[in-house]
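The structure under discussion appears below in the form of structure tokens.
Every number for a ligand or one of its atoms is a count from 1 in the order of the listing. The basis for the numbers below is simple: all heavy atoms, side chains too, and nothing from hydrogens, waters or symmetry mates.
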Amino acid sequence: MAKIPINIATGSLQKDEIIVGIDLGTTNSLIAVIHPDSKKPVALKEHNGISLVPSVIHFDESGNVLVGEDAKPYLQTDAANTIFSAKRLMGKTYKDVKEAGELAYKIIDDDDNKLVKVQVGNTFYSPVDLSSLILKELKKQAEHILKTPVNKAVITVPAYFNDAQRQATRDAGKLAGLDVLRIINEPTAASLAYGFGTTGNSKQGSDNGQTIAVYDLGGGTFDISILNIANGIFEVLSTHGNTLLGGDDFDTAIVNYWMTENKFEGDEIKHRQALRLIAEEAKKHLSANEIFEKEYKGYKLNLSHAAFNELIKPIADKTIVACKHALKDAGLNKQDIDEVVMVGGSTRVPLIKQMVRDFFGKQLNDSVHPDEVVALGAAIQADILAGNTTGLLLLDITPLSLGLETMGGLMDVLLPRNSKIPTKASRQYTTYKDGQSAMKIAVYQGERDMVKDNRRLAEFNLTGIPGMPAGLPKVEISFLINADGILVVNAKELRSGIEQSVEVKPQYGLTDEEVEKMLLDSMQHAKEDMDIRALTEAKTEAEQLLSTTEKFIQKNFSSISKDELTATSHAMQALQLALDMDDKNLVQAKTQELNEISKPYAERIMDEAIQKSMQGSKIGPA
Ligand code: AMP
């Protein structure tokens, strides 16, 4: 009988359990491991020799599910029951998806702000359910090839994925029966696959580390990320891209070209569908040849390399613009980039290679299979987590600021944008009403000064605060972002020790364009935001003064003269009027006036109270 050692401290099995690396892609997914003999990462291949599992799921009427290659033909024959690009839906609301364009399958739209669900027959599937089906298929294939159970994985996500999308990916893993040890960024994985940042890599740079541009052009998405790797720490300096741009657009451009070159008879949609497949074939052919020719239903289709380049040049240009933005965001010049890494099937196109090479003025790292490079990197990360490689840490940054709503709807930032993660920040707050027993904690993401212009991620109430005068409770709120980029918000009243926390699974997903738009908005509205913040702060102060003055007068009515009361009442009215007019300078002036009027009698009454209490107190034994 085999003996399995158990770690007494943790109770965990110490058998050499395999940890796989998974690239959960929009169009294709794949799984890789470190080969036990060569110690090199390899993509797992079924008998057909293909490592890619198309991210496609087909549901038939009796509830049978097909995933991958077997599901792909149904994209044409049974589109309504065949789901593709589920990754695009991860962590998204219906509203987010509606803006992204048409999908052949049905999306549930009962509430714009709810997380999206897909309807197939009478069943509803969340993007997490769908991704878990793909992960299950990958797990099954891996177990079949490796002949051992696979329970642990590292899964990659785009660098621009927000908390909700990372959490959704993690949940999908769990649902597929996988313990997701780490979620890592795709560009980080690609850099690892090229050996950047790993110990023993001869290219390891100076003390400032290496700066790497990762250009990732797949079938339907594009992104460029700038990373810095120093002392084994990977930091995403910036990321840009377009989630609706990729090699599929090259195919569309070719189809459009052929449609105008030929006068096809009959159903245009049918022709387009058929031509799409030939267009992809032509594109791939032209990656290694000068001319493509094929007969289609008696028509002669042809495309030269030069004509193809002309067709795709506008699309390629867009990716170069994104590279410029990414450099600018990282505060770098082209000359600062040490290495350029190419990822994604569409980087095989010669024009793309040439344009990226020309733009950065560098030779490209394109020797690793562009479809496998991310999964191979994930396998390397898995190996690091298994303890086989030491001295490596992965570090990312938050793309947007995270903060809380404070009085008057203002955004109070706890973690500024571009904070390195994992990270932690905390700040103390207090109550503004006497005896206030609950405090609303509303967490927002964004750069604007008013929370209404930012995105709400979570809200909860810290309840059970013991009755105390306003301003006395000390509520410490801390934000912790763990290594996966998931935010945990904790609120603790320090005097009583009551405590509550939430793990933020935001309702809203954000694409990189949205992040970009939010940043742009914050710059465009900077002046307006500053004015609103100043007005809100002045109004909050004025409202608090009005409320305390009123309370003070009620309590000390008999000690205030008639003249003082009249003057105070006038000043309060004037301040109220200024508040209604939303005029910051007037609010500040009237606040000062009320303060000046009430200060003399307030001080007098306080002095009297102190005198009285002194008289009443006895020092020492009587
Ligand atoms: P990915 O999303 O990374 O799997 O990339 C898939 C995209 O790469 C699809 O648009 C493919 O048509 C494209 N692709 C695959 N092989 C080639 C090739 N040899 N030349 C040009 N494009 C290719």
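- Between Tyr215 and Phe222, the ring centre distance stays below 6.0 Å.
- With sequence neighbours excluded, the residues forming a side-chain hydrogen bond (donor to acceptor under 3.5 Å, both in side chains) with Ser126 are Asp129, listed by chain and number.
- With sequence neighbours excluded, no residue forms a side-chain hydrogen bond (donor to acceptor under 3.5 Å, both in side chains) with Asp179.
- Between Glu137 and Lys140, at least one side-chain nitrogen of the basic residue sits less than 4.0 Å from a carboxylate oxygen of the acidic one, meeting the salt-bridge criterion.
- A distance of 5.5 Å separates CD of Glu69 from CD1 of Ile50, quoted to the nearest 0.5 Å.
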Between side-chain atoms of residues 340-354 and protein atoms elsewhere (two or more places apart, or another chain), which donor-acceptor pairs fall under 3.5 Å?
from, atom 1, to, atom 2, distance (Å)
Ser346, OG, Gly218, O, 2.9
Ser346, OG, Gly247, N, 3.4
Thr347, OG1, Gly344, O, 2.7
Arg348, NH1, Asp371, OD2, 3.4
Arg348, NH2, Asp371, OD2, 3.0
Lys353, NZ, Asp366, OD2, 3.0

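- The contact shell of ligand 1, taken as protein residues with any non-hydrogen atom closer than 4.0 angstrom, comprises Thr27, Asn28, Gly218, Gly219, Gly247, Asp248, Glu280, Lys283, Lys284, Ser287, Gly344, Gly345, Ser346, Arg348, Val349, Asp371.
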